[in-house]
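To start, the structure under review is shown below, and the notes come after it.
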2 protein chains.
Amino acid sequence: MVEDVVRTLGFLCLASRLRRIGERLQADTQQVIDEAGVGIQAGQYPFLAAIDRAGPLTIGELAQAVGITQPGATRTIGQLLELGFVDIQPAPDDQRRRLVSLTDKGQELVDHSKATIWPRVAAAVADLCGDLDGPILEQLAAIEDGLAALPLIRRSTVTGPPALSTAQ
Amino acid sequence: MVEDVVRTLGFLCLASRLRRIGERLQADTQQVIDEAGVGIQAGQYPFLAAIDRAGPLTIGELAQAVGITQPGATRTIGQLLELGFVDIQPAPDDQRRRLVSLTDKGQELVDHSKATIWPRVAAAVADLCGDLDGPILEQLAAIEDGLAALPLIRRSTVTGPPALSTAQ
DNA sequence: CCGCTATATATAACATGTTATATAACATTC
DNA sequence: GAATGTTATATAACATGTTATATATAGCGG
């Protein structure tokens, strides 16, 4: 078995490590989403959630809300448009800005997700790292070990009422 | 100003958030590397560090050591080969395995990096989040705020002897 | 009103991760 | 020792982020 250098090097490789854990966690989250039979990618959800929370937003506002660059937002919104979850129309006062809103189908998806998938994911992630404390490198190690020991989807089984509301 | 939904949604969006912070941090790290005039990508360093620590490794071992998939390792090693930092030769006992070792140029780069760039990066990242403690979501918020307040490169100025050794 | 600058979005090119699969070398079994 | 399965690496196709740049609309100064 080979040493995990990224873990060993600590702060020096924190960037790689955060990305690596994020990718692993996102893949695990995708499993939970797929299990629910919703045809959507984990990375598309924050866009829908942003519009659900704030009402119609422009491409630029969405990029800001989700924390990626504008071209990335343009692409993801294009996908959601293709899937029929959002609708786009120019802002009445400024033809450059394009307002993205949820379609009925999109709103239904959000409402359904709020009631089922999102609480499940949030609870599973909270189960994974909710009680952690201490220096960040130790917490990251615990998260990696925790995921290896019991993947997210095995933590997401709903055994009672959802443990967490949608957000905060 | 638009609400940061990924931050607001907490555990539900932890995966996106880790990736996002990792990407930001890696871009910042790249600035420090570029400032030092070394023609290398931040993501390539862990491969060199792994070989430096463990001696020649196969592609598969490198993938494991760095925590990515084998095709990703194949690609990065191809780049490092192109750049002249590593050398590849088939394992004597098993023609399928390809042993990757540091060239003289690669070893020089590692030695130089160990003495200058790596301590600087590690110190800057430690400055950013070394004293943090508490729940992970709060630490991530502090890291994001910290990066926005003072980017990594402005934390990497060497004002005295390096605060941290390469690794531990 | 015209021309210049600024802003919003789209597009192109690239970086770097993934999964799925092809290929070649090794190992095993009858 | 030939057939079959396994393992190591390469390659293809795709996902999703980035930076750089093009284009269209808005806003402004003369």
Quiz prompt | Nucleotide nearest B/Asp94 (side chain, heavy atoms from C-beta), chosen from C/dA25, C/dT19, D/dT19 | solution = C/dA25

Self-check item: Touch class at under 4.0 angstrom, heavy-atom based, for A/Gly72 against every strand present
Solution: base

Quiz prompt | For atom CD1 of A/Ile77 and atom P of D/dT16, their distance in whole Å | solution = 13 Å

Self-check item: Greater than 12 external heavy atoms within 6.0 Å of B/Asp145's CG
Solution: yes

Quiz item: Looking at the side chain of B/Arg97, which of C/dT18, C/dT9, D/dT9 is the nearest nucleotide?
Solution: D/dT9

Quiz item: Closest heavy-atom contact between A/Pro46 and B/Val6?
Solution: CB-CG2, 4.3 Å

Practice problem: Nearest whole angstrom, please: distance from the P of D/dA8 to the CD of B/Gln64. | Solution: 10 Å

Quiz item: Can you tell me how far P of C/dT18 sits from CD of A/Gln41, to the nearest Å?
Solution: 16 Å

Practice problem: Identify which nucleotide among D/dT25, C/dT16, D/dG17 has an atom closest to any side-chain atom of B/Gln79, counting heavy atoms from C-beta outward. | Solution: C/dT16

Quiz prompt | Nearest listed nucleotide, side chain of B/Glu23, among D/dT9, D/dG17, C/dG17 | solution = D/dG17

Exercise. Give the rounded distance in Å between these two atoms: CG of A/Asp28 and P of C/dT18.
Key: 13 Å

Exercise. Nearest whole angstrom, please: distance from the P of C/dA15 to the CZ of B/Arg24.
Key: 21 Å

Exercise. Would you kindly give the CD-to-P distance between A/Gln95 and D/dA26, to the nearest whole Å?
Key: 5 Å

Quiz item: Over how many whole Å does the gap from A/Ile21 atom CD1 to C/dG17 atom C1' extend?
Solution: 15 Å

Practice problem: Mark yes or no for a side-chain to base donor-acceptor pair under 3.5 Å between B/Arg96 and D/dT9, with no hydrogen or angle criteria applied. | Solution: no

Quiz item: Taking atom CD of B/Gln70 and atom CD1 of B/Ile59, what is their separation to the nearest 0.5 Å?
Solution: 7.5 Å

Practice problem: Using the closest heavy atom to pick a nucleotide of DNA chain C for each, name whichever of A/Thr74 or B/Ala42 lands nearer the 5' end. | Solution: A/Thr74

Exercise. Using a 4.0 Å heavy-atom cut-off across all strands, classify A/Gln70 as base, sugar-phosphate, or nothing.
Key: base

Quiz item: Same hydrophobic cluster for A/Leu99 and A/Ile88, using side-chain heavy-atom links shorter than 4.5 Å among ILVMFWY?
Solution: no

Self-check item: Salt bridge present between B/Glu144 and B/Arg24 (N-O < 4.0 angstrom)
Solution: no

Exercise. Return no unless some side-chain N or O of B/Arg75 is found under 4.0 Å from OP1 or OP2 of C/dT16.
Key: no

